[in-house]
Asker: 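Shown below is the structure under consideration.
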Amino acid sequence: MNSRMIETGRGTKVHVLDAGSGEPLVFMHGAGGLFPENPFLDQLAQHYHVFAPEFPGFGESTGEALLEDMLDFALHGWDVVHELGLTKPHIVGHSMGGMIAAEMAALTPNDISKLVLVASAGLWLPEHPIPDIFSFLPHEFAQYLFHDRSQGEAMLTGGLDLKNPEALKEFYIGNSRRLSMAGKILFPVPNRRLSKRLYRLSAPTLLVWGESDALIPPVYAERFKAQIANAEIVEIEKAGHMLPYEQPEEFVRAVTTFLR
Amino acid sequence: MKFTWFNLMPWPSLPDNFREKHHSVWVDIPNTLYDPNKGHFVYHEYMDQLEYADSLGYDGIGVNEHHQNGYGLMPSPNIIAAGLARRTSQAALAVIGNSLALYNPPLRVAEEFAMLDVISGGRLLAGFPVGTSMDTNYCYGQIPGLTRDKYAEAHDLVMRAWHEEEPFAFDGKYNQLRYVNLWPKPIQKPNPPIYIPGGGSVETWDFCLDNDYNYSYLSFTGYLRGKKLLDGYWDRVAARGKDESPYRAAFAQTICVADTDQQAEEMYAEHVSYFYNRCLHVHGGFADAPGYRTVKTLKADVLNALSEEMQSLFPNLTWKELVDEGYIIAGSPATVRERMEALIKSLRVGHIFCLIHIGNMPDWKTRYSTKLFAEQVMPHLRDMWPEWKDDNRWWCKPLDERLQPETGIEQARQDARMPL
């Protein structure tokens with residue numbers, strides 16, 4: 001994919017990957033950021049012009065201090081879209097990125113073609129509390145994020161061996177930087193009252209969930225569906241919270257079928 | 001030298017299998033382990049000990065703030081300090097401290113500290129910790145990446161509230177107040193001495209030096225491990241061109257005194273083990289919420305809180321290991337004196353927070369050790385910094401004429417009398 005830096009009006013410096021051609025599709029990553037390999041983006045780029053910006057605090061993007069609360073994050077999302085010169089893109093948001101995408105849609109519902117929320121954060125069901133990712137030890141993430149824990153661990157660490165102290169330190173610092181930003185909208189309870197605003201969403205919306213999501217379980221898809229006027233659910237087998245990485249073909253099929 | 005007798009107020013009845021059976025002593029410790037009826041006696045025993053330390057001539061008596069913590073039973077140290085203010089009249093009241101970012105508005109801290117200063121006749125030492133990640137982020141829900149910013153704003157608000165003499169409006173990011181107007185205000189002018197407990201970030205050192213606050217290193221790992229950190233602090237002091245008064249720094253040290261080294265082990269080993277091997281069982285994932293420390297500090301820091309091994313930060317340390325590696329200073333008065341001298345010199349500290357009640361130590365042993373230290377150790381360490389002996393910048397300045405508790409109690413017992 002192509003790689004470039006853009007600067008938003010607010011002053012954040014944003015690293016953006018892009019590839020493909022056709023209708024614009026913006027992918028917003030989750031609290032773990034983009035992994036080194038993102039095969040599902042390459043596959044989506046066979047159908048769309050895919051843009052994958054990294055939020056400040058993730059990868060090469062900076063300007064963390066400029067984003068402090070939910071409104072900042074949502075407006076930042078639109079700032080990136082405008083800076084890229086896109087009109088009425090499809091927006092696909094995963095986990096934290098889904099929460100931001102939904103907030104963007106609530107702000108300006110007519111500026112989105114179609115919306116895809118993938119294992120999205122943003123709601124809180126007291127009877128289904130979402131585990132506290134902010135208190136996980138490095139080795140505890142995989143069990144909540146992946147259907148297949150051992151494969152997931154390798155993806156999470158990018159092949160780093162967490163038993164090696166230097167590798168562990170690198171993972172720890174990177175994780176701390178990413179989750180520090182994510183914490184501004186997800187800590188201590190990942191709920192910034194999005195549910196009060198979901199009635200504003202008007203774009204057709206797809207809710208894609210991994211069947212064995214142990215972080216934000218599929219019951220959350222049902223709640224999103226109940227609150228969004230025009231939404232449908234697709235569940236993917238043998239996939240956990242990180243379904244775009246775990247089942248890229250199935251994930252891309254679900255998204256392209258919906259966007260078609 | 002100034003010696004402050006500190007009580008962390010641990011719960012003394014954690015089960016033997018606590019470490020194996022429970023996730024963490026802090027944050028999510030089951031509150032079924034706490035028995036309030038027993039707690040009644042525990043609080044009074046601990047407060048009695050603090051008053052006892054005052055009677056023995058310790059310069060200060062100290063309390064601190066922790067939440068949801070099996071070894072720290074003071075969610076509000078101010079309540080304990082208020083009790084102590086009424087029953088002591090000499091020692092400084094070291095409240096180390098109130099975590100500013102947790103109070104909404106933090107003016108509450110300015111008010112309560114002012115009350116304590118006034119009730120105690122100007123004996124308050126005011127601590128402003130950022131607060132541990134366990135307390136601040138996990139127990140009190142503060143967003144880690146914004147905690148320091150919120151703390152900084154709270155600090156500015158409290159200091160302005162103490163200093164200004166007219167009502168003012170405060171338009172902060174986290175606090176908006178139309179009429180800040182402190183009633184009451186503290187006795188000590190311009191404010192009580194400020195103590196900043198820190199864990200080694202350069203930002204905190206600079207914050208202390210910018211404002212001439214005391215930097216307090218409060219850990220349980222002892223002076224050998226503390227050396228590296230305090231060397232860093234003193235390098236920073238020199239780099240900033242500040243004077244090197246040892247009273248700029250305080251250090252907390254676990255101390256056990258008995259008649260002989262052998263007796264110290266016999267008397268105190270089980271309680272020290274209770275503390276190090278049971279009370280300090282903290283889930284590693286609570287130690288450092290992402291964003292609580294800056295990336296800059298993380299990169300500079302020795303990352304001791306990593307991997308699955310974090311779970312066993314203090315893995316069943318023996319008495320010998322604890323003594324040899326300097327976690328604790330223990331033994332006869334002569335041994336303790338010698339090691340305290342080494343500590344004071346090597347760390348260049350003017351304030352010691354003496355951790356003498358340890359873990360589940362019974363009252364009589366606590367008093368035994370406390371008294372031996374006061375009578376046979378402390379006097380020998382008093383004048384270790386003769387060239388700085390008049391440096392009282394970081395000590396309280398009480399009223400010369402203030403109420404004595406004995407008098408107060410006597411008067412309280414009198415029946416109402418018409419003034420003649």
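A note on names: the letters A, B, ... follow the listed sequences, proteins ahead of strands, and every chain is numbered from 1. Here the structure is a predicted model, which is why all the values come from computation and not from measurement.
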Asker: If you draw a 6.0 Å radius around CD in A:Gln151, do more than 12 non-hydrogen atoms from other residues or ligands fall strictly inside?
Answerer: no
Asker: Does anything in residues 135-145 of chain B reach chain A? List residues with heavy atoms under 4.5 Å apart, or say none.
Answerer: B:Asn137, B:Tyr138, B:Gly141, B:Gln142, B:Ile143, B:Pro144, B:Gly145
Asker: Using non-hydrogen atoms and a 4.5 Å limit, figure out which bit of A:Glu68 sits close to chain B: side chain, backbone, both or neither.
Answerer: both
Asker: If you draw a 6.0 Å radius around CZ in B:Arg225, do more than 12 non-hydrogen atoms from other residues or ligands fall strictly inside?
Answerer: yes
Asker: Can you tell if the side chain of B:His283 reaches within under 4.5 Å of the side chain of A:Leu137, non-hydrogen atoms only?
Answerer: yes
Asker: Is the CD atom of A:Glu7 crowded by more than 12 outside heavy atoms at less than 6.0 Å?
Answerer: yes
Asker: Around A:Glu211, counting heavy atoms of other residues, nucleotides and ligands shown, do more than 12 lie under 6.0 Å from its CD?
Answerer: yes
Asker: Do you know which of B:Ser133, B:Ala289, B:Pro290 has the most heavy-atom pairs with chain A at a distance under 4.5 angstrom?
Answerer: B:Pro290
Asker: Pick from A:Gly183, A:Ala65, A:Ser135: which one has the most heavy-atom pairs with chain B under 4.5 Å?
Answerer: A:Ser135
Asker: Which atom names give the shortest non-hydrogen contact between B:Gly291 and A:Ser176, and what distance separates them?
Answerer: N-OG, 3.5 Å
Asker: If you count every heavy atom of other residues, nucleotides or ligands that lies below 6.0 Å from B:Ile79 atom CD1, does the total exceed 12?
Answerer: no
